[in-house]
Engineer: 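Please find one structure pasted underneath; my questions will follow.
This chain uses plain numbering: 1 for the first residue, then up along the sequence.
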Amino acid sequence: MQTLKEQKEETKKDTTIRISGAEAIIHCLLAEGVDVLYGYPGGAIMPVYDELYKFQDKLTHILTRHEQGATHAAQGYARVSGKVGVAIATSGPGATNLVTGLADAQIDSTPMVCITGQVPRHLLGSDAFQETDIIGISTPVTKWNHQITRVEEIPEVMAKAFYLAKSGRPGPVLVDITKNAQFDELDFSYEHCTGVRSYKPVPKPNMDAIDAAAKLINSAKKPFIVFGQGVILGEAEEQLKALVEKAGIPAAWTILGLSAMDTDHPLNVGMVGMHGNYGPNVLTNECDVLVAIGMRFDDRVTGNLDTYAKQAKVIHFEIDPAEINKNVTADIPVLGDSKETLSLLLPKIKENKHEEWHNEFKEKYEIEYETVIKEELNPTKDGLTMAEVINEINVASEHKAVIVSDVGQHQMIACRYSKFKQTKSNITSGGLGTMGFALPAAIGAKMGAMDREVVAIIGDGGYQMTIQELGTIFQNKTPVKIVVLNNDHLGMVRQWQELFFESRYASTVMSNPDFVKIAEGYDITSKRVTERKDLKATIKEMMASNEAYFLEVKVEKEDNVFPMIPSGASVSDIRLK
């Protein structure tokens, strides 16, 4: 009678096929449910591309115009779909061009697998043509990386790569494959990875901590929730909403947490951070219990740590133990998956209203509205504001669009004024702040959610960093909407120069090309708006289009984004003008 091990070996033999390493890579991708990947071919990865050609009926490869564009497209796809994004490149410069996207995905916890070709094993370390130590280079900006030099390693390493990318706190993984391993053959079979020794992706919830958190929340007079992307990654949106409504706690978002909760929910009080809303920032230093859910206390959220929420007891719901007490000391750390820990917390929470506390947020909002928001949304001056453009997009899309913003003033305005009713709707580069992110990320986001409108909001500076990806849109007929808010400056840097460097505008004035003509060269419908009377109708036309559409809006050159917490200042020192 066969043992269980012998039975498994027999089954494995029956499912084994003899194929090349390059074909094995394709079978691994298909086994992991990959349907689209982004990349750029070259010599060291050519065997894999040859197999992609043979499998193009099962796996769609999108030829981007730059490898960095491939990583950002993979990020956009992952962020909106919840799946693992995949990017592929050759060795040397192809691999090094992935590094910015890897670093961006690492700090923003985006699940991504990057595959790079490498010179043959016998040439490693010889400074061969297009040989680069991508493992050494990418180690600081990946969750895990590995170089495959033997064909037999491929199935196990690829399975591990996908498991690590998507489990626990997600992140980017890089697999480097020597050319000999791509050409050599193996007896291929595939098993999904379900665990790695010593790696515990989801800490087991501690019921004592959950009980303590519930007791503190129930006794709080001025509780305040700040939620981040961990709520979205943990698919805990319903649990967050239930907690907020049951306990009557005002809740604010980080920029990556935006869209985890309906922006028009009466208990959603706005955005925290350097350019966040006045009330949530100031009242952080007046709450008695601060409940942080799936956020990491980034410096742009906290301002000066020496003065951040010192009066409050801090409860920190977090999946990654490394984030506990890293920046802000937690009185009650609650480790675990946010969906699970919040579900365990909810039955222990008492119903409450905290009406007087809510009124404080309303009063602060009225101050901000009269000082900042009113003029931005309904300007009395002739020049167009970025905020009114975002507002018109909200109206035309009925708050249902995916907004993919680049980095700069327009990013802060987009996060402040976009309205969302659906999760996974705000895609932006948060931690790394990568200019050039939005255009390729919007391509990936659209392919990850073809049933949704995707609008890229970009500044004239960041747009020109990845403008070549218009070619990707052209080749694939990707129906994304591109809005460039053009103020002929590197706006955010210019703002700092005005406020803190006595208006010395060093290298921030942009001499821009004719963006409309460039887009037309890629056969993309294009318009330019310079006057308010044309804005509403043009945005309505853009949103009604079934094809790619480019819209340039000329906005005020020297508009500043307020409120603003000066660098190194306390959240209490937020400026309204």
Engineer: Are any non-hydrogen side-chain atoms of R296 and I107 less than 4.5 angstrom apart?
Structural biologist: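 Side-chain contact under 4.5 Å: yes.
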Engineer: Cut-off 3.5 Å, side chains only: do T178 and N180 have a donor facing an acceptor?
Structural biologist: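 Side chains of T178 and N180: pair found under 3.5 Å.
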Engineer: Do L29 and M158 have side-chain heavy atoms sitting under 4.5 Å apart?
Structural biologist: yes
Engineer: Please confirm whether the backbone N or O of Q68 pairs with a side-chain atom of N97, one donor and one acceptor, at under 3.5 Å?
Structural biologist: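 Side chain of N97 to backbone of Q68, a donor-acceptor pair under 3.5 Å: no, none is there.
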Engineer: Quick check on the 6.0 Å ring-centre criterion: do H61 and Y53 meet it?
Structural biologist: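 For H61 and Y53, the ring centres are not under 6.0 Å apart.
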Engineer: Does the side chain of T466 come under 3.5 Å of the side chain of R65 through a donor N or O and an acceptor N or O?
Structural biologist: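 R65 and T466 do not have a side-chain donor-acceptor pair below 3.5 Å.
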Engineer: Return the CD1 to OG1 distance between I45 and T116, rounded to the nearest 0.5 Å.
Structural biologist: 7.0 Å
Engineer: For residues S397 and E453, is any side-chain donor paired with an opposing acceptor at under 3.5 Å?
Structural biologist: no
Engineer: Got a second to check how far I17's CD1 is from Y190's OH, nearest 0.5 Å?
Structural biologist: 13.5 Å
Engineer: Can you find a side-chain donor-acceptor pair between H192 and E32 that sits under 3.5 Å?
Structural biologist: yes
Engineer: Strictly by modelled atom types, are Y38 and T71 linked by a side-chain donor-acceptor pair under 3.5 Å?
Structural biologist: no
Engineer: In terms of side-chain heavy atoms, does D299 have a donor or acceptor partner in Y308 at a distance below 3.5 Å?
Structural biologist: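 No, Y308 and D299 have no side-chain donor paired with an acceptor closer than 3.5 Å.
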Engineer: So does G336 get a backbone contact from the side chain of T341, meaning a donor-acceptor N/O pair under 3.5 Å?
Structural biologist: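 Side chain of T341 to backbone of G336, a donor-acceptor pair under 3.5 Å: no, none is there.
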Engineer: Using side-chain heavy atoms (C-beta onward) and a distance below 4.5 Å, is E156 in contact with K160?
Structural biologist: no
Engineer: Atom OH of residue position Y199 - does it have more than 12 heavy atoms of other residues, nucleotides or ligands inside 6.0 Å?
Structural biologist: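 Counting other residues, nucleotides and ligands, OH of Y199 exceeds 12 neighbours.
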Engineer: Please check: side-chain N/O of Q182 versus main-chain N/O of A44, any donor-acceptor pairing under 3.5 Å?
Structural biologist: yes
Engineer: For D262, is there an ion pair with K421 - N to carboxylate O distance below 4.0 angstrom?
Structural biologist: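 No.
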Engineer: Mind checking whether I88 and Y49 have side chains closer than 4.5 Å, heavy atoms only?
Structural biologist: yes
Engineer: Indicate the atoms forming the closest heavy-atom contact of M112 with A105, along with that distance.
Structural biologist: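 Closest heavy-atom pair between M112 and A105: CE-CB, 3.7 Å.
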Engineer: Considering non-hydrogen atoms only, spot the tightest contact between V334 and A213 and give its length.
Structural biologist: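 Minimum heavy-atom separation between V334 and A213: CG2-CB, 4.3 Å.
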Engineer: Given side-chain contact (heavy atoms from CB on, under 4.5 Å), test I26 with L59 step by step and report yes or no.
Structural biologist: CA-CA 8 Å; I26 307 303; L59 191 57; 4.2 Å; yes
Engineer: Looking at F550 versus Y463, is the centre-to-centre ring distance below 6.0 Å?
Structural biologist: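 Yes, they do, as the ring centres are separated by less than 6.0 Å.
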Engineer: Would you say V173 and F162 make side-chain contact, with heavy atoms under 4.5 Å?
Structural biologist: no
Engineer: Can you confirm whether or not the ring centre of F188 sits under 6.0 Å from the ring centre of H27?
Structural biologist: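 Distance test on ring centres: under 6.0 Å, yes.
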Engineer: Between D184 and R150, is the closest basic N to carboxylate O distance under 4.0 Å?
Structural biologist: no
Engineer: CG/L52 to CE/M46 distance, rounded to the nearest 0.5 angstrom?
Structural biologist: 12.5 Å
Engineer: Please give me the minimum heavy-atom distance between N325 and A330, naming the atom from each residue.
Structural biologist: OD1-N, 2.7 Å
Engineer: For the residue pair Q75 and D104, confirm or rule out a side-chain donor-acceptor distance under 3.5 Å.
Structural biologist: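 Indeed, the side chains of Q75 and D104 share at least one donor-acceptor pair under 3.5 Å.
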Engineer: Decide if atom CD of E340 counts as having more than 12 heavy atoms of other residues, nucleotides or ligands within a radius under 6.0 Å.
Structural biologist: yes
Engineer: Do M261 and W253 make a side-chain contact, defined as non-hydrogen atoms from C-beta onward lying under 4.5 Å apart?
Structural biologist: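 A side-chain contact under 4.5 Å is absent here.
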Engineer: Distance only, no hydrogens: is a donor on one side chain within 3.5 Å (strictly under) of an acceptor on the other, for T139 and N145?
Structural biologist: yes
Engineer: Counting only heavy atoms not in Y549, do more than 12 sit closer than 6.0 Å to its OH atom?
Structural biologist: yes
Engineer: Check the surroundings of atom NZ in K400: do more than 12 heavy atoms from other residues, nucleotides or ligands lie under 6.0 Å from it?
Structural biologist: no
Engineer: Any side-chain donor-acceptor pair under 3.5 Å between S109 and R169?
Structural biologist: yes
Engineer: Could you tell me if T428 and S405 have a donor-acceptor pair between their side chains, going purely by distance under 3.5 Å?
Structural biologist: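 Yes, because at least one side-chain N or O of S405 sits under 3.5 Å from a partner of the opposite role on T428.
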Engineer: Under a 3.5 Å threshold, yes or no: a donor from one side chain and an acceptor from the other, between Q118 and D176?
Structural biologist: yes
Engineer: Would you indicate whether E131, at its atom CD, is surrounded by more than 12 heavy atoms from other residues, nucleotides or ligands within a distance under 6.0 Å?
Structural biologist: yes
Engineer: Would you say that I482 contacts I458 through its side chain, given a criterion of any heavy-atom pair below 4.5 Å between the two side chains?
Structural biologist: yes
Engineer: What's the spacing between L124 CG and D127 CG if we round to 0.5 Å?
Structural biologist: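 That separation rounds to 11.0 Å.
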Engineer: If you measure from CD1 on I324 to CZ on F297, what distance do you get to the nearest 0.5 Å?
Structural biologist: 8.5 Å
Engineer: Are side-chain N/O atoms of H146 and E153 paired as donor and acceptor at under 3.5 Å?
Structural biologist: yes
Engineer: Kindly determine whether I293 and L243 satisfy side-chain contact (heavy atoms from CB on, under 4.5 Å), including the steps that lead there.
Structural biologist: CA-CA 11 Å; I293 305 174; L243 172 62; 4.1 Å; yes
Engineer: Using a 6.0 Å cut-off, check whether atom CZ of R300 has over 12 heavy atoms from anything other than its own residue.
Structural biologist: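 No, because the 6.0 Å sphere around CZ of R300 holds 12 heavy atoms or fewer from other groups.
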Engineer: Given the ring of F474, does K477 sit roughly above its face, with NZ or CZ under 6.0 Å from the centre of the six-membered ring and within 45° of the axis?
Structural biologist: yes
Engineer: For D57, is the CG atom crowded, meaning more than 12 foreign heavy atoms sit under 6.0 Å from it?
Structural biologist: yes
Engineer: State, yes or no, whether a side-chain contact exists between K424 and I232 at a heavy-atom distance under 4.5 Å.
Structural biologist: yes
